[in-house]
Amino acid sequence: MPVQSRPSPTPWGALIFALLGLAWCGYIAFPLNPTVSCASSGCELFRDMRIAGISLWWVGGAYFFLFSIICLRGMTWIAWPMARIALTIDALLLVAMYFTAPCRDCLVVALFFALTFYMLHRFSMRMAQQEWFSGEKSQAGILLPLWIGLFLGNVILAGNEYVPTYTLGVSDNAAIRIYFSPSCPACRDALVAYGKNSLLYPVVERPGDLESIRRLKQQLTEKKSMQDALEYSLDAANALPHLSLWEEFFLNLQLLRNKATVLKQGFNALPLIQINGMPRQTPPQAAPKSREQDLSPQDVVPEIGAHTPRGTRTAPVTSSAPLPWEMNDLASCGKSPEPCPPQ
């Protein structure tokens, strides 16, 4: 029997972590509770990713299953290159997550890739010291330190997502989100107009904003109207709600996160109003008479979720769905030292 093909003792440490990785991939591929989802944005991004139509979780599960069988047979000369290739591919996936969004579930399975690699490396080093084992002495080289650096970077980014933003108003699934500064008149107009049914993200832009935000939260918690709450929050003579040292530190951290979110989206003026969805449509307006004459009986209007038959012309889709503002007449507060004048 060739030296490389001689069975060696079972690397139990690598086998145990491979079985745990197999269980985790199975849990994600077949969730025990479908209503429980990962809170990080990367989970939504990578969970349904496929290679040639096959889910990454199936690929990972197949690898851990095959790796476990090989370890049980004591074929470490096959298990070791498998572990190196798997960790290399996993490092590339960590690079992709670092520049897109970290995935908590992916980081867990990545940890199992690294642990099987590490335990198998330790096993190979130990076996190389035995006289009856003449296998090649394996070195982890730079691969494992490189993976550790990428992993820690993704963990930090994932932890950043779990620091909650500071919000006021209705629940997190509100259709409208408003980033505002209390010292901005255009922001106050937006709050009065749309704040009742919106999720509000306060941003500190000028001195006094932090105190105004604390007063505003207290007033809204007490069910005051938006107009009255804003007037109260802007009066420096009104008392500030009490916060502990830790609460004040965490509040400042959350407000910095709010401002960073605005800047990351490429905006430097407030208010920033985001709408999820389309305003409800009123009955479509009739097409101009001249256009109606040009349409033949075969002309069709496409419907959502339906196909337009080939060889037919498509009628223009018209809608009088109103937007809550005129797109060519927007007021904003920029970076000027003084707030912009009321509109």
Side-chain angles (χ1 to χ4, degrees), residues 41 161 163-241 243 250-282 319-343:
S41 59
E161 287 201 18
V163 176
T165 52
Y166 191 77
T167 58
L168 309 173
V170 298
S171 61
D172 289 344
N173 60 352
I176 300 178
R177 298 185 175 190
I178 303 176
Y179 292 83
F180 72 96
S181 172
S183 58
C184 167
C187 297
R188 297 197 294 268
D189 292 342
L191 292 181
V192 173
Y194 317 115
K196 181 179 179 180
N197 299 315
S198 304
L199 189 61
L200 310 179
Y201 291 80
V203 175
V204 175
E205 284 285 284
R206 298 180 177 88
D209 280 349
L210 178 59
E211 292 76 11
S212 296
I213 291 169
R214 291 170 59 179
R215 297 190 193 98
L216 180 61
K217 179 178 178 62
Q218 180 189 47
Q219 293 296 296
L220 293 179
T221 303
E222 296 176 359
K223 306 300 182 182
K224 299 293 180 65
S225 68
M226 183 62 69
Q227 183 70 46
D228 293 340
L230 283 171
E231 292 179 358
Y232 182 90
S233 67
L234 294 173
D235 189 350
N238 292 325
L240 282 174
L243 293 178
F250 198 65
L251 171 61
N252 280 275
L253 183 63
Q254 289 178 292
L255 293 175
L256 278 176
R257 181 174 171 82
N258 286 3
K259 188 170 184 178
T261 301
V262 175
L263 296 176
K264 284 180 180 178
Q265 297 181 70
F267 297 99
N268 56 10
L270 297 173
L272 171 59
I273 303 176
Q274 298 176 329
I275 298 180
N276 183 23
M278 181 68 183
R280 292 182 182 273
Q281 294 186 354
T282 58
S319 172
S320 59
L323 291 176
W325 55 79
E326 293 293 334
M327 297 304 294
N328 59 352
D329 187 25
L330 295 177
S332 64
C333 298
K335 295 292 185 180
S336 60
E338 298 297 332
C340 63
Q343 303 295 323

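In this text, all values refer to a predicted model and were calculated from it rather than measured experimentally.
The line from CG of Asn238 to CD of Gln219 is 7.5 Å long, rounded to the nearest 0.5 Å. To the nearest 0.5 Å, the span separating OG1 on Thr165 from CG on Leu253 amounts to 11.0 Å. How far CG of Leu240 is from CZ of Arg214: 4.5 Å, rounded to the nearest 0.5 Å. Between the CD atom in Glu205 and the NZ atom in Lys259 there is a gap of 4.5 Å [rounded to 0.5 Å]. In this structure, the separation between CG on Leu216 and NZ on Lys224 is 11.5 Å, given to the nearest 0.5 Å. Rounding to the nearest 0.5 Å gives a distance of 10.0 Å between CD of Gln274 and CG of Leu199.
In this structure, Thr261 and Arg177 have side chains that are not in contact, with every pair of non-hydrogen atoms separated by 4.5 Å or more.
Heavy-atom contacts from other residues, nucleotides or ligands closer than 6.0 Å to CG of Asn276 number 12 or fewer.
Take Ser225 and apply the side chain to side chain contact (heavy atoms under 4.5 Å, CB included) test, not counting sequence neighbours, and it matches Gln227, Asp228. Remark: Leu234 engages Pro182, Arg188, Ser212 in a side chain to side chain contact (heavy atoms under 4.5 Å, CB included) (not counting sequence neighbours). In this structure, the side chain to side chain contact (heavy atoms under 4.5 Å, CB included) partners of Phe267, at least two apart in sequence or on a different chain, are Val262, Gln265, Leu272.
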Discussion item. I'd like to know whether Asn197 forms a side-chain contact (heavy atoms from CB on, under 4.5 Å) with Ile176, so could you lay out the CA-CA distance, the side-chain angles of the two residues, the decisive distance to 0.1 Å, and finally the verdict.
Written reply: CA-CA 7 Å; Asn197 299 315; Ile176 300 178; over 6 Å; no
Worksheet item: Given the rule in the side-chain contact (heavy atoms from CB on, under 4.5 Å) test, do Leu210 and Leu251 qualify, once you have shown the distances and angles that lead to the verdict?
Response: CA-CA 9 Å; Leu210 178 59; Leu251 171 61; 4.0 Å; yes
Worksheet entry | Pair Tyr194-Ile275, side-chain contact (heavy atoms from CB on, under 4.5 Å): steps then yes or no | CA-CA 11 Å; Tyr194 317 115; Ile275 298 180; over 6 Å; no
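Formation of a donor-acceptor pair under 3.5 Å by the Asp209 side chain with backbone atoms of Arg206 is found in this model. In this structure, Asn258 contributes its side chain and Tyr201 its backbone to no donor-acceptor pair below 3.5 Å.
For the residue pair Ser183 / Ser181, a side-chain donor-acceptor distance below 3.5 Å is found, with atom types taken as modelled.
Closest heavy-atom contact between Lys217 and Thr167: NZ-O, 4.4 Å. Pairing each heavy atom of Pro202 with each of Tyr166, the nearest pair is CD-O, 3.3 Å. Annotation for Leu200 and Gly195: closest pair CD2-CA, 4.1 Å, computed over non-hydrogen atoms. Tyr179 and Leu270 get closest at one heavy-atom pair: O-CD2, 3.6 Å.
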